J.: 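Handing you this structure, nothing more for now.
It should be emphasised that the depicted structure is a prediction, and the values quoted were computed from it without experimental measurement. Numbered from 1 within each chain, the chains take letters A, B, ... in sequence-line order.
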Amino acid sequence: MAEKVSNQSLVTWFLQRLSGLFLAFFLFTHINVHHFLHREGLIDFAVVVERLSGSFWWKVYYLLFVPFCVFHALNGIWAILADYRPSGGFSLTVKALFWVIGVAMTVVGAMTLTNLFGAGV
Amino acid sequence: MPTFKVFRYNPKTGDQAYFQTYQLPEIKGMTVLEGLYYILENIDPTLAFRSSCRQGVCGSCAMHIGEKYRLACETQIADIGDSVSIRPLAHMKIIRDLVVDLDPFFAQYEKIKPYLIPSGEPPTREFKQSPAQRAKIDFHVDCILCACCYGSCPVVATDEKYLGPHALLKALRFVDDSRDGATNERLAYLASDFGVFRCHTIFNCQQVCPKDLDPTGAIGKLKMKALWAKFTGKLGKNE
Ligand code: FES
């Protein structure tokens with residue numbers, strides 16, 4: 001116990017489980033509400049837009065869904081890379097890249113959703 | 001008639017590694033270790049392997065036998081079929097044939113400080129421990145440090161800094177010991193980037209343990225203890 005160590009993997013491990021739980025909830029509700037419980041004909045673009053623009057909670061739900069998905073995916077890839085004990089420079093580059101990708105994907109996702117919210121039918 | 005295909009390699013000669021086939025007589029109750037001794041004494045005196053107690057206590061005869069890491073002295077030839085391949089433990093440098101360099105294995109073990117660290121002055125007579133407190137660590141003290149779990153762990157394969165299932169199983173033994181006073185410092189170290197959170201819960205270690213111990217479960221418990229210590233602000237300084 002003489003070495004100076006970081007507990008970062010404790011935090012990322014915990015957040016991975018937490019985001020996994022949220023995703024399980026998101027996927028369960030998404031698939032059930034939008035596919036299995038949908039009884040009024042085909043699910044087309046108009047139906048999706050109507051649902052998204054009709055309810056405040058669906059908007060919140062999907063705006064949260066995107067960052068949780070992105071975080072879970074990138075953190076999972078990082079956990080795999082960490083198994084190979086990358087060097088300091090490499091891991092810093094990858095982490096920076098993942099932050100950029102993560103923020104970009106979340107922003108693009110949020111923009112797409114807000115466009116749909118306002119699209120109307 | 002049992003056939004052993006034994007991994008042969010001598011880094012000093014610079015020759016490629018290969019498998020050598022040996023035919024053994026059929027003897028009822030013969031163990032793989034006895035088979036290796038039969039080869040050494042009657043067929044090929046150059047074969048190198050480790051053993052000591054011949055009764056599953058010292059852990060020195062661990063190797064890959066058939067499809068699993070096992071103790072050669074506790075494995076009956078009759079139980080594993082007529083033709084069996086025998087290889088050294090993985091993830092460690094081969095010294096010769098079935099003998100590997102266990103230094104990294106024991107270096108990781110030493111890192112968890114495998115001894116009691118009392119919180120204050122040690123008592124003048126003995127540490128008192130109730131049967132219930134002792135029972136908590138009964139399970140983990142049975143580990144004989146044979147390295148079967150270490151050889152089977154894929155995380156050890158890719159990350160040489162990972163403490164390994166053996167060290168983490170033993171660590172729980174000290175964390176759970178009522179006489180130990182360094183629980184939070186231990187947890188801080190075990191929760192580090194080369195500790196319990198690197199384990200992917202693959203269960204290989206649990207599957208191969210010749211003593212039927214549960215390193216995967218021990219690592220799981222340590223994860224929960226470390227998380228709890230973190231959230232309650234008790235995770236000790238890890239320097
Ligand atoms: S020789 Fe001691 S455990 Fe096999």
J.: Sequence neighbours excluded, which residues qualify as side-chain contact (heavy atoms from CB on, under 4.5 Å) partners of Val108(A)?
T.: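 side-chain contact (heavy atoms from CB on, under 4.5 Å) list for Val108(A), sorted by chain: Thr112(A).
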J.: Around atom CZ of Phe127(B), are there more than 12 heavy atoms of other residues, nucleotides or ligands at under 6.0 Å?
T.: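 Yes, because the 6.0 Å sphere around CZ of Phe127(B) holds more than 12 heavy atoms from other groups.
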J.: Give me the atom names and distance for the closest heavy-atom approach of Asn7(A) to Ala188(B).
T.: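 Closest approach of Asn7(A) to Ala188(B), heavy atoms only: ND2-O, 3.1 Å.
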J.: Can you name the closest pair of heavy atoms from Arg198(B) and Ala82(A) and give their distance?
T.: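 Between these two residues, the closest heavy atoms are NH2-CB, 3.6 Å.
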J.: Does the side chain of Leu227(B) come within less than 4.5 Å of Trp13(A)'s, by heavy atoms?
T.: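 In contact.
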J.: Considering residues, nucleotides and ligands other than Phe139(B), do more than 12 of their heavy atoms fall under 6.0 Å from its CZ?
T.: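 Result for CZ/Phe139(B): enclosed.
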J.: Can you tell me if Asp193(B) uses its side chain to pair, donor with acceptor, with the backbone of Ser9(A) under 3.5 Å?
T.: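 Checking the backbone N and O of Ser9(A) against the side chain of Asp193(B), a donor-acceptor pair under 3.5 Å is found.
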J.: Determine whether a donor-acceptor pair (N or O, by modelled atom type, separation under 3.5 Å) exists between the side chain of Asp83(A) and the backbone of Thr158(B).
T.: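 Not at all, since once roles are kept as given, no pair shorter than 3.5 Å links the two residues.
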J.: Got a sec: does the CE of Met92(B) have more than 12 other heavy atoms crowding it under 6.0 Å?
T.: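 Yes - once you tally the heavy atoms of other residues, nucleotides and ligands closer than 6.0 Å, there are more than 12.
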J.: Answer yes or no: does atom CD of Glu160(B) have more than 12 heavy-atom neighbours from other residues, nucleotides or ligands under 6.0 Å?
T.: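 Open.
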